[in-house]
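These notes concern the structure reproduced below.
FYI, side chains are in, hydrogens and waters are out, and symmetry mates aren't considered; it's all heavy atoms of this structure. Just so it is clear, the model here is predicted, and its values are computed rather than measured. Atoms within each ligand, like the ligands themselves, are counted from 1 in listed order.
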Amino acid sequence: MPLDLPTQAPTPDPSTDVPTRGRRADAALARLGAAADAAPAEAARADATDAGLVALVGELTVEEKVSLVVGAGLWSTTAIPRIGLRAMHVSDGPAGVRGVAEDGSETSASFPAPSALAATWDVDLADEVGRAFAAEARRHGVDLVLAPQVNLQRTPVGGRHFECYSEDPELTSRIAVHVVKAAQDRGVGMCVKHFVANDSETQRTSYLARVDERTLREVYLEPFERLVAEARAWSVMGAYSGVDDGELAAPVLEHAPLLTGVLKDEWGFDGVVVSDWVATNSVEAAAEGGLDLQMPGPDGPWGDGLLAAVRAGTVGAALLDDKVLRLLRLAQRVGALEGFAPQGAERDEVAAVDVAGMLRELVARSMVVLRDDAHALPLAAPAIRRIALLGPNAVAPFVQGGGSSYVRPDRTTNLPEVIASAFGGARVDLHAGAVSRVVPPALDLAADATTPGGAAGTPGALMELLDAAGTVIAAETVTRWDGWWHDVPEQAVALRIRTTVRLDTPGRHEVGVGTVGRHRIVVDGQVVSTSDRVVGEDVILDSSVNQPVPALLTVDVTEPRTVEVDATVQAAHPVGYRSFARAELVHRPPVPTPDELLADAVAAARDADLAIVVVGTNEEIESEGYDRTSLALPGTQDELVRAVVAANPRTVVVVNAGAPVVLPWLDEAPTVVWSWLGGQEWADALADVLTGVTEPSGRLPWTLPAREDDVPVPDAIPADGVVEYHEGVHVGYRSWLRLGRTPAAPFGHGLGWTAWSYVDVAVTSQDEDGVDLDVTIVNDGPRAGREVVQVYVEPPAQSPAGDRPVRWLGAFAVVDAEAGASTTVRVRLDARAFRTWDTARHGWVTPAGTYPIRVGRSLTDLRLSVGVDVGSSSSGQSSGTRGTPT
Ligand code: BGC
């Protein structure tokens, strides 16, 4: 049963409107030509449902039109009440819906970081996450969620790795399509980000990703293409970074061949291209490039410049009309435009969604059993009366990465209490066991500090806002301080903070202040840091504002004493964001040495029936705005794991991280579970997994390196402003395979808590759209479980492999089966799985041949294979309609 696809000579894939450079140029010319016509370009193509919107565009003044394509604030678009248009509200994404309150006061359901969803490989759960996005958006009055992020995990050090789904385009695309469709079916728009090749953070507002055309098409554009084709995404966010695809080297927002040529003209995207926040740097170039909505507003280049450009004729009226039509179409879809029926057949269903319950199940399901030699999971709870709960991340779990995806959670939990109750009231001894953070904790202003001056002193610190002349324009004494003074008046240039810190405990103290921008910090009469560098929105975009490294004074105390802190820090007025002054007041009192911490933990482990060691990353390591510099677990955590495993053979190691960390002790630890950045339900989900309520049925959506030196793309540091995608189409595991390197755990790995045999694979049908495979597996373990059947494609032996990957994910399916049960699952291998991009012809081709199809439990644990003939000429047999064990 051959696939009826183009063969031999590269010919275009019939399912795709193939672009060529010539055709792109034609499209661009047509657009420019249309600018001279009265009819807007998009209006000319509009179908009947758009007719009313087109007419509405015609009713607007040019001022109104311009106001629509520029944000009205940080999180809102412009309202025009006279046409029944209200403001639309937008909000991050992608680990929940933060809400639009400027003071950050709203709480939200905190979802796990998106890689956890991808680790379920479960499109039904992706549907549920889409529903939860819709429910949360509705609850917060949000029309457009700035999610999902479908950039790929090109390098494990990428700062936003945790916000992405996977290193694989197929897994990313399928999960994302389900999330977006489910949300939009409920009338909430999703803004898919960040178009395109925005896969690392170093110099993120300026670097150029040099990616060849084929790699862009086969890897980095694929999720966007499928979201347009299969989910009809209503919005796409254009990245800060730029792309050099050989045709044009330009910031994405000015990259007309990609943003307009491919996204809009070729794929037919009819939604709104939104700028990443403060990413717009030009008027004409961005307008021509394809940007539709500058966010935030009203400040920024379009705020001042677009009206003038339209009046001067340097931005065509029809081009502006096209943007306005897109905006109105989005408004109609979300229900922000009176008189136009909103979209989303299931708009009213959101009220019934149990978001927290779904998240708990999702997070438990996402956990990946990396190792469980003795089949210890799930743990027999009644026999366990005393638990040593160890590790820095047991004391302070890290459940959300840093940056714009952060939400204020609806609920916080206490891990020791959750564990104690899950194990029927067992005694839980909690010990950090290791250090893992560089930044000292916040100074306790109420307990340890007084305002300067008075001998008795008032608890707290004196805060004074100063203008340029040094005059105090506002003053406050605070005993609670979160490090931020928001919305400082325009004339404020600095914040002065003075406090007297009591150092009572003998030993080594560290006292200091973390800030950004111009400052002078004096502690105990010593200037510990000064800077003249004035900052604005740059510190928000590189996230240094979130975790400023404090300037510290070390004080050795023998007798109780005090130190004065006198810090003057910059008041910042960033374009597009709220003004602020930033000062983290920190104090580390004498702490046990790492050896002492370790000794305590080991003693507790020895005395316990069970040791649970929770190690991982933290806010200092995983965040938007910067990439990681190391894949090691921070601090002394590796030593902790080794020592505890040696002290108590009944140890479960839980890794609490989003992106890969090297686990040098992996072969020594009997049971290791990867638990992600699990959001607000993480602790309960972990307890469910340990006690057997829910199977940890996750599979890695990326490769876990054994050693840093093996990583094919170890960094993404731009050279002269350029990040070279030198590995081409060999993203993630594809490079590991090509280079013959063995990771600690391959892509797709995860053991669950039962065992599976793979019995049979058969091709059941085949046509021009793809192949159906029936895969039969048996759960021959002791309990009901869930398997992720993974189908990989290899290039045909008889056709030149060229530079095709050694093996790539083609399809997958999730299967549940009772203990002992055999089950057959149908897996659909789309024709897309065989295609490749022909750069010479600028089109898709499918080289003919017999493609080995490998079926198994991970990229390298392959159990069955079957050949599939692809090619139109031979109408005969597939080389193997029934598979063979491998
Ligand atoms: C991030 C986006 C985010 C936006 C709004 C940007 O800095 O790159 O992902 O949606 O801020 O918070």
Checklist entry - What do the steps show when you test Arg347 against Arg138 for side chain to side chain contact (heavy atoms under 4.5 Å, CB included), and what is the final call? => result CA-CA 10 Å; Arg347 291 182 74 83; Arg138 203 60 63 69; 4.3 Å; yes
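No side-chain N or O of Glu624 forms a donor-acceptor pair with one of Ser543 less than 3.5 Å apart.
Within the structure, ring-ring contact (aromatic ring centres under 6.0 Å, His included) pairs that include any residue of residues 87-122 comprise Phe111-Phe133, Trp121-Phe747, Trp121-Phe812 (at least two apart or interchain).
Using a cut-off of 4.0 Å between Lys/Arg side-chain N and Asp/Glu carboxylate O, Glu222 and Arg226 are scored as salt-bridged.
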Which pairs of donor and acceptor atoms, one on a side chain in residues 290-303, lie under 3.5 Å apart (sequence neighbours left out)?
from   : atom 1 : to     : atom 2 : distance (Å)
Asp292 : OD1    : Lys264 : NZ     : 2.8
Asp292 : OD2    : Lys264 : NZ     : 3.1
Asp292 : OD2    : Val273 : N      : 2.8
Gln294 : OE1    : Trp302 : N      : 2.8
Gln294 : NE2    : Pro296 : O      : 2.9
Gln294 : NE2    : Asp299 : O      : 2.8
Trp302 : NE1    : Ser282 : O      : 3.0

Under 3.5 Å, side-chain donor or acceptor atoms of residues 231-238 against the rest of the protein: list the pairs with distances, not counting sequence neighbours.
from   : atom 1 : to     : atom 2 : distance (Å)
Arg232 : NH2    : Asp270 : OD2    : 3.0
Ser235 : OG     : Val272 : O      : 3.1

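The protein residues lying under 4.0 angstrom from ligand 1, judged by non-hydrogen atoms, are Trp75, Asp92, Leu146, Arg160, Lys193, His194, Arg204, Met237, Tyr240, Asp276, Trp277, Ser404, Glu624.
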